[in-house]
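The residues of the chain are indexed from 1 along the displayed sequence. In each ligand, atom 1 is the first atom listed, and ligand 1 is the first ligand listed.
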Amino acid sequence: MKIYYAPLEGITGYIFRNAYNEIYGHIGKYFSPFISPAEKCPVTPRERKDVDPANNHGINLVPQILTCSSDRFIEAAKELHAMGYTEVNLNLGCPSGTVCAKGKGAGFLQDTSALQAFLDDIYSYAVSGDMKISVKTRLGYSDPDEFYALLDIFNAFPVSELIIHPRIRSDFYKGEPRKEYFAYALEHSKCPLVYNGNIFSVKDYDELSDRFAGGLDPVMLGRGLIIDPSLADKLNGLTTETDFIKLRRLHDTLYHEYQKIMSPDINVLFKMRELWSYWQNLFDGKDREIKRLLKAKKYADYEDIVYHLLLTGTD
Ligand SMILES: Cc1cc2nc3c(=O)[nH]c(=O)nc-3n(C[C@H](O)[C@H](O)[C@H](O)COP(=O)(O)O)c2cc1C
């Protein structure tokens, strides 16, 4: 089964991808958190560092672009092509208020004629520039029925893969994904489809996969792979248990790598706390320790709690 690692801004940067890929692997494609091209600066030095092939050895990475300007999209795609990339991904799903207010991300789904003109431009470039463009989209901005017209639009272009997160903008990441719209896409899409949303366990995957003829392959996972980094191994039938030794390796690698590039200490702890807000789901009955850990302001306090937790697992 092909598993794609969803882009998670602030989490799945190159340090995370390298650590995950080294310790777990078995990921068909990683998608970078979005690059937001500005005028005269299609890819900032920070974004460039994140997608630089030298920082992504052995990782099948697809850089993602967030913009509603076809000129800016094409400029960024050209820079990425010069770096060796042959696929980029268009973000049509970001629900953030500031992003949508500028007509980008999920906000772009509101203006279908502008979207159509934008796709015309970027797919003309894709054909002449030898670049595949995949799309990651929501069902619509304010009403899931917007999806019917949107799918007709996508069907008119050589979308290399259409990744569908079956929610609308106002759902953010909450509630049940609207799976019936993915079923509609399976029947009516001319583009290869990838499902994304709320797969947190093998059971979640199996239930969903049984529901759709032909199963779900490839599939894109985000938070499920952060909460339980062994989930890809479980889905691939390599294990049935969460591997706490690998989790400790992942933790230690990230903790040390972030210390090399971040300061002061509290910023590293903020980064680790964000991960623990996901990992805490693996530690039943350890609420008190997790609460202390999420408040730790010094490395020593943090390490005391974390190493006790990671040594004892859930016992
Ligand atoms: C913290 C966070 C950051 C995200 N950043 C991005 C992003 O940069 N680009 C994008 O397309 N989606 C982004 N997403 C959405 C995820 O890629 C994914 O679509 C979403 O989490 C649903 O999948 P999941 O239920 O498997 O997590 C983000 C989601 C979260 C929670």
Are [X] and [Y], when compared by the centres of their aromatic rings, separated by less than 6.0 Å?
X: Trp276; Y: Phe283; value: yes
X: Tyr4; Y: Tyr30; value: no
X: Phe118; Y: Phe108; value: yes
X: Tyr184; Y: Tyr148; value: yes

Protein residue, atom and distance nearest to [atom], heavy-atom basis:
atom: atom 6 (C) of ligand 1; result: Pro7 O, 3.1 Å
atom: atom 12 (N) of ligand 1; result: Lys136 NZ, 3.0 Å
atom: atom 3 (C) of ligand 1; result: Glu9 N, 3.2 Å

| field | 4.5 Å side-chain heavy-atom contact, Leu231 and Tyr205 | value |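 When only atoms from C-beta onward are counted, Tyr205 and Leu231 do not touch, as no gap falls below 4.5 Å.
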
| Are side-chain heavy atoms of Pro33 and Gln64 found at a separation under 4.5 Å? |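 They are not in contact (no side-chain heavy atoms under 4.5 Å apart), so the answer is no.
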
Counting both backbone and side chain atoms, is some N or O of [X] under 3.5 Å from an N or O of ligand 1?
X: Gln64; value: yes
X: Tyr278; value: no
X: Gly222; value: yes
X: Gly224; value: no

Side chain, backbone, both or neither: which part of [X] has a heavy atom under 4.0 Å from ligand 1?
X: His165; answer: side chain
X: Arg223; answer: both
X: Tyr173; answer: side chain
X: Leu8; answer: both
X: Asn196; answer: side chain

| message | I'd like to know if Phe34 and Ile122 are part of one continuous hydrophobic network [Ile/Leu/Val/Met/Phe/Trp/Tyr, side-chain heavy atoms within less than 4.5 Å]. | response |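 In one cluster with Ile122: Phe34, no.
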
| Transitively linked via ILVMFWY side-chain contacts under 4.5 Å: Ile163 with Ile65? |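 They do not share one cluster, since no chain of ILVMFWY contacts under 4.5 Å joins Ile163 to Ile65.
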
| request: Check whether the side chains of Thr242 and Asp228 place a donor and an acceptor atom closer than 3.5 Å, and report yes or no. | output: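 Yes, a side-chain donor-acceptor pair sits under 3.5 Å.
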
| request: Report yes or no: do Asp252 and Tyr307 form a side-chain donor-acceptor pair below 3.5 Å? | output: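 Tyr307 and Asp252 do have a side-chain donor-acceptor pair below 3.5 Å.
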
For [X], the ligand 1 atoms whose distance to one of its heavy atoms is below 4.0 Å:
X: Gly197; value: 23 (O), 25 (O)
X: Phe34; value: 7 (C), 8 (O)
X: Ala6; value: 17 (O)

